Enquirer: 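The structure that follows is given in the form of structure tokens.
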There are 2 protein chains.
Amino acid sequence: MSANSRLTIAAHALTWIGLYQRRGHEVASSEQIATSVNTNPVVIRRLLGELRKAGLADSRRGAGAGWMLARDLAAITLLDVYQAIEPGPVFALHRATPDPECVVGHGIGPAMTAVYEDVEAALCRELAKTTLEDVLRDILKAA
Amino acid sequence: MSANSRLTIAAHALTWIGLYQRRGHEVASSEQIATSVNTNPVVIRRLLGELRKAGLADSRRGAGAGWMLARDLAAITLLDVYQAIEPGPVFALHRATPDPECVVGHGIGPAMTAVYEDVEAALCRELAKTTLEDVLRDILKAA
DNA sequence: GCCGTTGTAACAACTATGGTTACGATGAGG
DNA sequence: CCTCATCGTAACCATAGTTGTTACAACGGC
């Protein structure tokens with residue numbers, strides 16, 4: 001799979017907005033965020049649109065438009081962000097149904113599904129440990 | 001991302017070989033395995049080739065050729081298989097370097113890297129809990 | 001009405017995966 | 001030493017997801 005940087009970009013964008021607001025600004029434009037991320041503003045708008053649907057960000061249109069956080073950085077975990085961007089599952093079963101006449105072909109699906117559910121759960125537990133406030137603290141500490 | 005079924009196929013192939021050998025056969029052909037997996041024999045040979053490099057499987061050429069396990073099913077964990085097929089990382093950093101002049105752009109990389117390492121470690125711990133013997137037991141129990 | 005910004009569609013480039021065909025290399029058995 | 005089933009591998013195509021880009025309509029404070 002091509003490596004997936006969506007979570008990195010989303011966390012970057014939200015953290016940037018959080019710091020910008022903390023410095024007294026009301027809203028941040030996708031252009032400003034894109035400059036920090038080093039990508040195209042449309043990429044940022046697309047991603048922030050998904051985060052808005054999940055209730056993590058909000059936007060204003062018209063003049064004086066831009067983006068703001070819907071919740072405080074401390075109230076957003078990386079799991080929230082991960083689930084907001086709805087990634088495909090890390091592992092998948094067979095593309096084509098295996099031979100149901102074969103014992104292994106018949107039983108491998110449920111067996112692997114059980115394992116994959118445990119793995120995804122562990123992954124989510126780990127992501128839930130870190131908030132964007134933690135991320136910002138790390139960033140400011142290292143600077 | 002297109003969902004990744006490589007681990008599923010690899011586990012299926014190895015488990016199939018293990019059961020086949022347990023029933024008294026010396027080697028399994030990629031053709032037989034491909035029938036159970038419902039795919040092309042070349043796909044199986046490609047994947048088993050990677051597993052052989054990792055010391056999990058072995059093959060014989062010439063007449064009476066085919067595949068066998070290099071270790072017992074009980075001595076192969078899903079983590080062994082996962083590492084053998086060398087998947088790309090689940091998460092990646094930015095594709096283009098973020099703005100180093102920006103506090104967030106400068107510090108976000110190390111901060112996210114630390115999190116991603118913890119996540120991968122948790123994922124590996126979870127995969128290491130299950131051996132192919134466990135998988136085969138589940139399969140036979142459900143049949 | 002002006003103008004900067006969002007919202008969104010459309011398209012191209014790139015990558016990973018999976019399926020397929022083709023063919024040389026191998027090596028036990030006759 | 002010939003045969004033949006099978007491996008080993010290259011080459012190619014289709015599909016799908018991600019990212020970057022251009023273009024343009026919609027919005028709304030001024």
Side-chain angles (χ1 to χ4, degrees), chain A residues 1-10 12-13 17 20 25-35 37-53 57-68 70 82 85-98, chain B residues 1-10 12-13 17 20 25-35 37-53 57-68 70 82 85-98:
Chain A
M1 155 189 349
S2 60
N4 194 352
S5 66
R6 288 163 59 85
L7 180 56
T8 302
I9 308 294
H12 187 151
I17 298 172
Y20 195 64
H25 303 88
E26 281 221 14
V27 298
S29 76
S30 59
E31 176 93 37
Q32 295 172 306
I33 303 169
T35 298
V37 174
N38 189 14
T39 185
N40 193 292
V42 176
V43 173
I44 300 298
R45 291 205 289 269
R46 272 201 298 234
L47 211 40
L48 284 177
E50 298 182 56
L51 298 176
R52 180 181 45 208
K53 279 185 207 153
D58 215 342
S59 66
R60 276 207 308 239
R61 306 186 63 170
W67 296 86
M68 64 203 86
Y82 177 72
I85 59 184
E86 290 194 69
V90 177
F91 298 113
L93 294 184
H94 309 67
R95 182 173 291 197
T97 310
Chain B
M1 160 191 337
S2 61
N4 193 354
S5 66
R6 287 162 61 83
L7 180 56
T8 302
I9 309 294
H12 186 152
I17 298 172
Y20 195 63
H25 302 87
E26 281 222 14
V27 297
S29 75
S30 60
E31 176 93 36
Q32 296 172 307
I33 303 169
T35 298
V37 174
N38 189 13
T39 184
N40 194 290
V42 176
V43 174
I44 299 299
R45 291 204 289 270
R46 271 201 299 235
L47 210 40
L48 283 177
E50 297 183 59
L51 298 176
R52 181 181 45 208
K53 279 185 209 154
D58 214 343
S59 66
R60 277 207 308 241
R61 306 185 64 170
W67 296 86
M68 65 204 84
Y82 177 73
I85 60 184
E86 291 194 68
V90 177
F91 298 113
L93 294 185
H94 309 66
R95 181 173 292 199
T97 310

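Bear in mind the structure is a predicted one, so any value in this text is a computation, not a measurement. Below, chain A is the first sequence line, B the second, and so on; all start at residue 1.
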Enquirer: Kindly say if S5(B) contacts the phosphate of dG18(C), meaning a side-chain N or O under 4.0 Å from OP1 or OP2.
Expert: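 Answer yes for this pair, as a side-chain N or O of S5(B) is under 4.0 Å from OP1 or OP2.
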Enquirer: Expressed in angstrom and rounded to an integer, what is the separation of E50(B) atom CD from dT17(C) atom P?
Expert: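 Atom-to-atom, E50(B) to dT17(C), this comes out as 9 Å.
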Enquirer: Between R6(A) and I85(A) (side chain of the first, backbone of the second, donor and acceptor by atom type, cut-off under 3.5 Å), is there such a pair?
Expert: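 Yes.
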Enquirer: In terms of the angle between their ring planes, are Y20(B) and H25(B) parallel, tilted or perpendicular, with boundaries placed at 30° and 60°?
Expert: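 Taking H25(B) first and then Y20(B), their aromatic rings lie parallel (interplane angle under 30°).
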Enquirer: Grab the CD1-P distance between I9(A) and dT18(D) for me, whole Å please.
Expert: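 Checked: the CD1 to P distance equals 13 Å.
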Enquirer: Testing V37(B), T39(B), N38(B) one by one against H94(A) for a side chain to side chain contact (heavy atoms under 4.5 Å, CB included), which residue passes?
Expert: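 So the option named by the test is V37(B).
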Enquirer: For R61(B), what residues pass the side chain to side chain contact (heavy atoms under 4.5 Å, CB included) criterion, not counting sequence neighbours?
Expert: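 In terms of side chain to side chain contact (heavy atoms under 4.5 Å, CB included), with neighbours along the sequence ignored, R61(B) is linked to no residue.
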Enquirer: With heavy atoms under 4.0 Å as the rule, sort G66(A) into base, sugar-phosphate or nothing.
Expert: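 If one applies the 4.0 Å heavy-atom cut-off, G66(A) turns out to touch the sugar-phosphate alone, with no base involved.
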Enquirer: Given atom CD1 of I44(A) and atom P of dT18(D), what is their separation to the nearest angstrom?
Expert: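 Atom CD1 in I44(A) sits about 16 Å away from atom P in dT18(D).
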Enquirer: Rounding to an integer number of Å, can you tell me how far R60(B) CZ sits from dT26(C) P?
Expert: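 Whole-Å distance recorded here is 17 Å.
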Enquirer: Can you check the L7(A) CG to dT19(D) C1' distance for me, whole Å?
Expert: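 Going from CG in L7(A) over to C1' in dT19(D) covers 16 Å.
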Enquirer: Apply side chain to side chain contact (heavy atoms under 4.5 Å, CB included) to A13(B) and list each qualifying residue two or more places apart in sequence or on a separate chain.
Expert: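 Listed in chain order: I33(B), L48(B).
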Enquirer: Of the options dT5(C), dT17(C), dG8(D), whose atoms approach the side-chain atoms of R52(B) most closely?
Expert: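 So the side chain of R52(B) is nearest to dG8(D).
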Enquirer: In this structure, how many angstroms lie between the C1' atom of dG20(D) and the CZ atom of R95(B), rounded?
Expert: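 In whole Å, dG20(D) C1' lies 8 Å from R95(B) CZ.
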Enquirer: To the nearest angstrom, how far is K53(A) atom NZ from dT8(C) atom C1'?
Expert: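 These atoms are roughly 11 Å apart.
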Enquirer: Check whether any side-chain nitrogen or oxygen of S30(A) sits under 4.0 Å from OP1 or OP2 of dT6(C), and answer yes or no.
Expert: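 Yes, such a contact exists.
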Enquirer: Under a 3.5 Å cutoff, is there a donor and acceptor pairing between the side chains of R45(B) and S30(B)?
Expert: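 Their side chains do contain a donor-acceptor pair, which is all the 3.5 Å distance test asks for.
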Enquirer: Within the distance-only criterion (no hydrogens, no angle test), does the side chain of T8(A) pair as donor or acceptor with the backbone N or O of A92(B) below 3.5 angstrom?
Expert: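 Judged by distance alone, yes, a pair lies under 3.5 Å.
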Enquirer: If I take atom CG in residue N4(B) and atom C1' in nucleotide dA16(D), what distance separates them, rounded to the nearest angstrom?
Expert: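 Spelled out: CG on N4(B) to C1' on dA16(D) is 13 Å.
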Enquirer: Each nucleotide in nucleotides 21-30 of chain D should get exactly one letter: B, S or -. Can you fill that in based on protein heavy atoms under 4.0 Å?
Expert: BBB--BBBB-
